[in-house]
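For ligands, and for the atoms within them, numbers begin at 1 and follow the listed sequence.
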Amino acid sequence: MSSQAPTQRITAPQIKARKGARPIVSLTAYHAAMAAVADCYCDFLLVGDSLGMVVYSMETTVGVTLELMVAHGKAVVKGSKKALVVVDMPFGTYEEGPEQAFRNAVHIMKETGCGALKLEGGSWLAPTVHFFVERGIPVMGHVGLTPQRIHTLGGFKIQGRERITAKTIETDALEIEAAGAFAILIEGVVENLAARLTRGLKVPTIGIGASGTCDGQILVMEDMLGLSKPVPKFVRKYAAMAEMIESAFKTYADDVKTRKFPGEMEMYR
Ligand code: KIV
């Protein structure tokens, strides 16, 4: 047996217990190296299916596959030590019903070693969330703007402006909570709805484009680092990485062109 105690990761129940307490910090992560840097600042890292758009230049997240999520999930678990790693279930892998969903969920959990899964959907998804939680899989819900349903929503538009859609989103969140979700991500909803959901739910709300009223926040890492184009309006740019990387590439190209390069011995020292 190893004499070194493994570093304890944050767990889903610990995130749940943060309701109304210290704000929950999270970012998306798709690679081991970035996960390693973000790890000590984040309570959880989300391997979001936004990787389809951010990493693979897809137009929507609809084309993301289970195997892509597994590959990137493994990398993020390997790169991090402390944060809870949550992996998104991609479109088409959980909508048929609890059995199909559970089979695919077990595959992600076993292959990646992540600590929780995130599923997009409202009332219709509650039986699946309950099925997962009963069998030992922590679930983060995702309501409001649900990008996997972009073709029925009709675009990346703020949700909950009308009383009727706000009411549906509220019912969705309450039913996902009642089914056993440990937290609920709220994407792209108007501020008064986000505030009402945060007040009304017993589990933490994690906002993205949903105002500062939530119990925690998440951003797509590449957006806040200034690597994506275009960046959604609600995102504060915390760094100008595209410009920094471009300057590094330019210096490198200049070094190659002017033969200003270290010798072999120096390179392998
Ligand atoms: O896939 C993703 O990155 C998401 C965001 C809303 C955080 O779900």
Side-chain angles (χ1 to χ4, degrees), residues 15 23-31 34-35 38 41-66 68-73 75-76 80 83-95 108 112 114 116-122 125 129 138-150 153 155-160 169 172-173 176 181-189 193-194 197 204-212 214-225 227-228 230-236 238:
I15 297 286
I24 298 160
V25 182
S26 60
L27 283 170
T28 64
Y30 317 119
H31 316 279
M34 295 303 251
Y41 300 102
C42 289
D43 297 302
F44 73 88
L45 293 170
L46 172 69
V47 186
D49 63 352
S50 53
L51 66 85
M53 299 168 76
V54 177
V55 181
Y56 294 98
S57 278
M58 295 176 181
E59 297 228 325
T60 71
T61 56
V62 171
V64 175
T65 63
L66 195 65
L68 271 184
M69 297 311 297
V70 166
H72 286 272
V76 171
S80 58
L84 170 69
V85 177
V86 182
V87 176
D88 257 343
M89 290 199 71
F91 180 68
T93 64
Y94 62 94
E95 296 89 337
I108 299 177
T112 65
C114 70
L117 298 176
K118 176 165 80 60
L119 282 77
E120 294 182 11
L125 188 64
V129 174
V139 176
M140 178 177 289
H142 182 158
V143 301
L145 172 52
T146 45
Q148 292 178 13
R149 255 83 12 227
I150 201 68
L153 289 176
F156 291 95
K157 290 186 265 192
I158 194 99
Q159 303 293 305
I169 294 169
D172 284 343
I176 294 298
F182 69 92
I184 300 192
L185 189 146
I186 302 175
E187 178 168 0
V189 304
L193 176 59
L197 291 175
T205 55
I206 312 294
I208 177 161
S211 82
C214 298
D215 297 298
Q217 293 292 329
I218 186 160
L219 285 176
V220 169
M221 190 187 283
E222 279 71 0
D223 289 350
M224 57 87 79
L225 290 178
L227 273 171
S228 333
V231 178
K233 276 200 213 118
F234 62 81
V235 178
R236 173 170 164 200
Y238 290 83

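- For Glu187, the side chain to side chain donor-acceptor pair (under 3.5 Å) partners two or more places apart in sequence, or in a different chain, are His142.
- Inter-residue side-chain proximity for Phe91 and Thr60 is flagged as unmet; no heavy-atom pair is nearer than 4.5 Å.
- Across all their heavy atoms, Glu95 and Gln148 have their closest contact at OE2-OE1, 4.0 Å.
- The side chain to side chain donor-acceptor pair (under 3.5 Å) check on Asp215 picks up Lys19, Thr205, with sequence neighbours excluded.
- With sequence neighbours left out, Thr28 forms a side chain to side chain donor-acceptor pair (under 3.5 Å) with Tyr30.
- Closest non-hydrogen pair, Ala194 versus Ser211, comes out as CB-OG, 3.9 Å.
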Distance dump, ligand 1 polar atoms to protein, N/O, under 3.5 Å:
| from | atom 1 | to | atom 2 | distance (Å) |
| --- | --- | --- | --- | --- |
| ligand 1 | 1 (O) | Asp49 | N | 3.2 |
| ligand 1 | 1 (O) | Asp49 | OD1 | 3.0 |
| ligand 1 | 1 (O) | Ser50 | N | 3.0 |
| ligand 1 | 1 (O) | Ser50 | OG | 3.3 |
| ligand 1 | 1 (O) | Asp88 | OD2 | 3.1 |
| ligand 1 | 3 (O) | Ser50 | OG | 2.5 |
| ligand 1 | 8 (O) | Lys118 | NZ | 2.9 |

